[in-house]
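Before any comments, here is the structure.
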Amino acid sequence: MVYRFQFSPYSRPFKQPLKTHHGIWEKREGIILQLTDKQGKKGDGEIAPLSWFGSETLGQALEFCQQLPQTLTLEDIIEIPDNFPACQFGFESALEENSEFLSKLKFSGLLPSGNAALPVFPTLFQQGFRTFKWKIAVHPISEELQLFQQLTELILTTINSETDKTEWVNLRLDANGGLSWEEANKWLSVCDEIKSDILKIEYLEQPLSIEQFDEMLALSRQYLTSIALDESVATLSQIRDCYQRGWRGIFVIKPAIVGSPRKLRKLCRENQIDAVFSSVFETAVGRRAALNLAAELSHPKRAVGFGVEHW
Ligand SMILES: O=C(O)CCC(=O)C1=CC=C[C@@H](O)[C@@H]1C(=O)O
Ligand SMILES: [Mg+2]
C-alpha cells in the first residue's frame with residue numbers, strides 16, 4: 001500500500017495557561033498530517049509532542065516529516081523509530097478507523113492548581129463529571145493541604161446537596177514528580193485518612209521524580225491510597241521497564257506520546273496493565289485516535305483524562 005503524505009504544523013493558545021510543577025504551559029503546538037491511499041481514501045493523524053515528558057521535540061518531529069518522501073509505504077510507517085513516539089502515533093493512527101466503544105468512556109475533569117480549583121469544581125460537577133484531577137506541588141505544601149481540606153469539604157457538601165444519594169466523586173492528585181519524599185508521605189497519609197464512601201482519592205499521580213522509581217514502589221506498598229505513574233511511563237519502553245521492575249499500580253498512558261498504537265495494543269495484551277488514558281491537550285484529530293485506544297484498552301472503571309477542552 002502506498003500513501004500520499006501531506007503535513008502542516010499548528011500552534012494554538014490554551015484558554016487558560018496550564019500551571020503544573022513543570023511550569024506554565026500556554027499553547028499547544030503540533031503537526032496535522034494526512035495520508036491518502038490510491039483509492040483517494042484520506043486519513044488524518046496528529047503529532048503532538050510533549051518533550052518534557054520524554055517524547056521527541058516539535059522541531060525533531062518537523063525535521064522528521066520534512067525528510068520524508070511525498071509518497072510513503074506501510075513499511076515506512078511501521079518502521080518509524082522508537083525515539084519518535086509522537087510521530088509513530090500520528091502516522092499509524094491516520095490509518096485507523098473509529099472504535100465502536102467510544103460511547104462507553106467516562107471522562108475526568110481537570111481542576112486548575114491552587115485555589116482556582118474551588119470555583120471550577122461545582123461547574124464541572126454540574127456538567128456531569130464525577131472524576132476530577134487536581135494539580136498539586138505547584139504551591140507550598142502547607143497551602144495545598146489547607147486547600148485540599150476546603151476542596152474535599154466542598155465536594156462532600158456538593159454531593160450531599162444532590163437529591164440522588166447514589167452520587168460519588170473520585171479525586172486524583174497529580175504532583176508531576178514535584179514532591180519530596182517527606183511531602184509524598186504527608187500527602188499519602190492525609191489521603192489515607194479520608195474515610196468516605198462517597199469521596200475516594202483514586203490515586204496520587206507521579207509523586208516523585210522519574211529517578212525515584214524504587215521510592216515510589218515502596219510508597220505504593222505502604223499506603224492505602226493508590227499511586228499512578230505518568231512521567232515514569234511516558235513511552236512504551238518506560239512502561240515495559242517499570243512493569244519488569246515490579247510496578248503493578250496504575251499506569252497513566254498518554255497515547256499521543258507513548259508511541260505506536262500497534263505496539264501499545266500488544267503490550268496491553270501481554271501484560272496486566274491498569275491503565276488510565278490521558279490527554280496531551282491534542283486537537284480533535286489526535287483526541288479521536290487516542291480515545292479509540294482508550295475505549296479499546298482501558299478498564300471501564302477508569303475515567304479518561306480527556307474531559308476538559310483547553311482551546
Ligand atoms: O490526565 C488528565 O486528566 C489531563 C491531562 C493532564 O493532566 C496532563 C497532560 C499533559 C501534561 C501534564 O501537564 C498533565 C499530566 O501530568 O498528566
Ligand atoms: Mg500527570
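In listed order, ligands and their atoms are each counted from 1.
- Taking any N or O of Trp25, backbone or side chain, none lies under 3.5 Å from an N or O belonging to ligand 1.
- The nearest N, O or S atom of Glu231 is not closer to the Mg ion (ligand 2) than 2.8 Å.
- Residue contact check: Asp174 has heavy atoms under 4.0 Å from atoms 15 (C), 16 (O), 17 (O) of ligand 1.
- Between Ser108 and ligand 1, a contact under 3.5 Å exists for no N or O pair.
- For Arg288 and Asp44, the salt-bridge test fails: no basic side-chain N is under 4.0 Å from an acidic carboxylate O.
- Using a 4.5 Å heavy-atom cutoff, the side chains of Gln66 and Phe7 are in contact.
- Taking the six-membered ring for Trp, Trp187 and Phe148 have ring centres closer than 6.0 Å.
- For the side chain to side chain donor-acceptor pair (under 3.5 Å) criterion with Asp274, the lone passing option out of Arg248, Arg302, His299 is Arg302.
- Listed by atom number, the atoms of ligand 1 under 4.0 Å from Asp230 heavy atoms are 15 (C), 16 (O), 17 (O).
- The side-chain tip of Arg172 does not point at the ring of Phe132 from less than 6.0 angstrom away and within 45° of straight on.
- Counting protein heavy atoms only, atom 16 (O) of ligand 1 is closest to Asn176 ND2, 2.7 Å.
- Each of the following atoms of ligand 1 lies closer than 4.0 Å to a heavy atom of Leu18: 13 (O).
- If you check which protein heavy atom lies closest to atom 4 (C) of ligand 1, you get Gly305 O, 3.4 Å.
- In Asp230, the N, O or S atom that comes nearest to the Mg ion (ligand 2) is OD2.
- Of the protein's heavy atoms, Ser278 OG, 2.6 Å lies nearest to atom 1 (O) of ligand 1.
- Contact annotation: for Phe53 versus ligand 1, heavy atoms closer than 4.0 Å belong to the side chain alone.
- Using a 4.0 Å cut-off between a side-chain N of Lys or Arg and a carboxylate O of Asp or Glu, Glu193 and Lys195 do not qualify as a salt bridge.
- In terms of protein heavy atoms, atom 7 (O) of ligand 1 is closest to Lys133 NZ, 2.9 Å.
- Using bins of under 30°, 30° to 60° and over 60° for the plane-to-plane angle, the ring pair Phe91/Phe5 lands in the tilted bin.
- Aromatic ring pairs are classed by plane angle as parallel below 30°, tilted from 30° to 60° and perpendicular above 60°; the pair Trp25 and Phe281 is tilted.
- The nearest protein atom to atom 10 (C) of ligand 1, hydrogens excluded, is given as Lys254 CE, 3.6 Å; this is a heavy-atom distance.
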Show the numbers, then the answer: is there a side chain to side chain donor-acceptor pair (under 3.5 Å) between Asn292 and Glu96?
CA-CA 9 Å; Asn292 280 338; Glu96 299 205 333; 5.7 Å; no

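- For atom 14 (C) of ligand 1, the nearest non-hydrogen atom of the protein is Lys135 NZ, 3.1 Å.
- Distances between N or O atoms of Ser279 and those of ligand 1 include no value under 3.5 Å.
- A side-chain N or O of Asn185 and one of Tyr223 form a donor-acceptor pair less than 3.5 Å apart.
- The closest approach between any non-hydrogen atom of Glu205 and ligand 1 is below 4.0 Å.
- To the nearest 10 degrees, the Mg ion (ligand 2) sees OD2 of Asp174 and OE2 of Glu205 at an angle of 80°.
- Under the 3.5 Å distance criterion, with hydrogens and angles disregarded, a donor-acceptor pair is assigned to the side chains of Gln150 and Gln146.
- In terms of N/O distances under 3.5 Å, ligand 1 is not approached by Thr20.
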